[in-house]
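Notes for the one structure printed next.
Atoms considered below: every heavy atom in the structure, side chains included; atoms not considered: hydrogens, waters and symmetry mates.
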Amino acid sequence: MQDVHFIGFVAAQYGSEIHAPAGPVVDRAYLRAAAQAHEYGGFDRVLIAFHSTAPDSFALAQYVASVTERIGLMIAHRPGFQAPTVAARQLATLDQLTDGRAGVHIITGGNDAELAQDGDALTKDERYARTSEYLDIVKASWTSAGPFDYDGRYYRVAKGFSAVKPVQQPHLPVYFGGSSDAAIAVAGRHADVYALWGETQAQVRETIARVRAAAHAHGREETIRFSLSFRPILAATEDAAWARAEEILRRTKALRAARGLGPAAVPPNEGSRRLLAAAAKGDRLDRRLYTAIAAETGAQGNSTALVGTPEQVAEALHEYHALGVTTFLIRGFDPLEDAVQYGRELIPAFRHLAAASARRPAAA
């Protein structure tokens, strides 16, 4: 069985849908505690997110690397705001300094209003076309033994070269998100790991087929891997877990009301719309998928949950693994506390289940 990786989430300050942001905007003590909790809990990587108003993901990743020893980094990066040759050298340098722990999560962005905050006025399809060129150049910088030229619509490079190469060969892993047709086309060409939000099993099966079809055109359908993001809600019993889920929904509504937020607007990005399409079919799908929080928040990001005991949620993850998912990005509504619980209970439960399944003889 192919190894399954678990990715956590670290932010610059404590906060979630049920916790108003607390502490300084860059809270080093919290960032250190969160990073070390994930490392101690057996996570393989941690995501450092990107937003147009948030602290810089590269700088945060450098700090996380400095206070940990083993855990990998999944650095969210938005192409188009710096030269791709510069980004390639930054990432390769970080990979060298961390002895091969760096990974990059390419997020082109589907929200025009957020992109405008950084001065980007391109259309979504134009942004994805630019992303494809950007990654062409980044990968050439990582892998070319000599100077290279590039002549595209958005970028032109003459005799580009990077003296620093990644420790990881042929290059550090490229994670990629986006559910539009334009995004899927770029994923098929460039993604090492295609990242989905927590959709139903039917939706995941459909998306994996779409991405593999796009990768087929580049001879990559057998090598591309898939990541799925959830917000597990755990408790000692199933009833207690569902009660906790309903309490999280209540607190989410209360915090939104306290902030003066009304009903969530229709999201501009395809990934959020897919989550809302699932939510329209019911709050509880596929036995453990809880969609009510996504519906309440307009599916602004990773917002669907798997609910149950650690063993039950591990079984649900195993079902997604059978569909072809090999990476799970999990984070909680109580960010630090849940990370500790995942490391103590959920990840071991999944590993135990996977090992037992691998030992089980195949059906005749």
Item to check | Qualifying residue for side chain to side chain donor-acceptor pair (under 3.5 Å) with Y290, from E246, R231, R284 | outcome: E246
Next on the checklist: Which residue is it: T252, L249, I248? I am looking for the one with a side chain to side chain contact (heavy atoms under 4.5 Å, CB included) to E17.
Outcome noted: T252
Checklist entry - Under a 4.5 Å cut-off applied to non-hydrogen side-chain atoms, are V46 and I7 in contact? => result no
Next on the checklist: For a quick check under 3.5 Å, do T123 and E126 share a side-chain donor-acceptor pair by atom type?
Outcome noted: yes
Checklist entry - Do F58 and H77 have their ring centres less than 6.0 Å from each other? => result yes
Checklist entry - Which distance, rounded to the nearest 0.5 Å, do you find between the OG1 of T223 and the CZ of R212? => result 10.0 Å
Checklist entry - Looking just at side-chain N and O atoms, do T68 and R101 make a donor-acceptor pair shorter than 3.5 Å? => result yes
Checklist entry - Does D136 pair with R153 as a salt bridge, N-O distance under 4.0 Å? => result no
Checklist entry - Are F50 and V64 in one and the same hydrophobic cluster, where Ile, Leu, Val, Met, Phe, Trp and Tyr link if side-chain heavy atoms are under 4.5 Å apart? => result no
Next on the checklist: Counting C-beta onward and ignoring hydrogens, is there a side-chain heavy-atom pair between L73 and I75 closer than 4.5 Å?
Outcome noted: yes
Item to check | salt_bridge(R127, D112) N-O dist < 4.0 Å | outcome: yes
Checklist entry - Taking the side chain as C-beta and beyond, is there a heavy-atom pair between V10 and I48 under 4.5 Å? => result yes
Item to check | Pairs touching residues 255-267 that satisfy salt bridge (Lys or Arg N to Asp or Glu O under 4.0 Å), sequence neighbours left out | outcome: R256-E296
Item to check | Between CG on residue D44 and CD1 on residue I347, distance to nearest 0.5 Å | outcome: 7.5 Å
Checklist entry - Of all residues at least two apart in sequence or in a different chain, which pass the ring pair (Phe, Tyr, Trp, His ring centres under 6.0 Å) check with H171? => result W142
Checklist entry - Would a distance-only check, ignoring hydrogens and angles, find a side-chain to backbone donor-acceptor pair under 3.5 Å from R189 to A217? => result no
Checklist entry - Taking NZ, NE, NH1 and NH2 as the nitrogens, is one of them in E319 or R287 under 4.0 Å from a carboxylate oxygen of the other? => result yes
Next on the checklist: One thing to verify: whether E247 and R250 come together as a salt bridge, which I'm taking to mean a side-chain N less than 4.0 angstrom from a carboxylate O.
Outcome noted: yes
Checklist entry - Do L135 and L122 share a hydrophobic cluster (ILVMFWY, side-chain heavy atoms under 4.5 Å, transitive)? => result yes
Next on the checklist: With a 4.5 Å cut-off on side-chain heavy-atom distances among I, L, V, M, F, W and Y, is there a chain of contacts connecting W242 to I293?
Outcome noted: yes
Next on the checklist: Taking atom CZ as the centre, does R351 end up with more than 12 heavy-atom neighbours from other residues, nucleotides or ligands that are less than 6.0 angstrom away?
Outcome noted: yes
Checklist entry - Any side-chain heavy atom of L115 sitting closer than 4.5 Å to one from F81? => result yes
Checklist entry - Where do F230 and Y320 land on the ring pair (Phe, Tyr, Trp, His ring centres under 6.0 Å) test, with the steps shown first? => result CA-CA 11 Å; F230 286 114; Y320 282 104; 5.1 Å; yes
Checklist entry - Any idea how Y175 and H105 line up, ring-wise: parallel (<30°), tilted (30 to 60°), or perpendicular (>60°)? => result perpendicular
Checklist entry - Does atom CD of Q169 have more than 12 heavy-atom neighbours from other groups under 6.0 Å away? => result yes
Checklist entry - Any idea which heavy atoms bring G301 and S272 closest together, and the distance? => result N-OG, 4.3 Å
Checklist entry - Are D181 and R210 ion-paired here, with the side-chain N under 4.0 Å from a carboxylate O? => result yes
Next on the checklist: I'd like to know if L60 and L172 are part of one continuous hydrophobic network [Ile/Leu/Val/Met/Phe/Trp/Tyr, side-chain heavy atoms within less than 4.5 Å].
Outcome noted: yes
For residues 154-162, which side-chain donor-acceptor pairs fall under 3.5 Å, sequence neighbours excluded?
| from | atom 1 | to | atom 2 | distance (Å) |
| --- | --- | --- | --- | --- |
| R156 | NE | D151 | OD1 | 3.2 |
| S162 | OG | V164 | N | 3.4 |
| S162 | OG | V164 | O | 2.7 |

Checklist entry - Has H218 got more than 12 heavy atoms of other residues, nucleotides or ligands less than 6.0 Å from its NE2? => result yes
Checklist entry - What distance separates E199 CD from D286 CG, expressed to the nearest 0.5 Å? => result 11.0 Å
Checklist entry - Should the pair F176 and Y128 be assigned to parallel (<30°), tilted (30 to 60°) or perpendicular (>60°) ring geometry? => result tilted
Checklist entry - Taking the six-membered ring for Trp, are the ring centroids of F6 and F350 within less than 6.0 Å of each other? => result yes
Checklist entry - When you check the gap from the basic side-chain N to the acidic O, do D338 and R244 get nearer than 4.0 Å? => result yes
Next on the checklist: I'd like to know whether CG of D56 has more than 12 heavy-atom contacts from other residues, nucleotides or ligands below 6.0 angstrom.
Outcome noted: yes
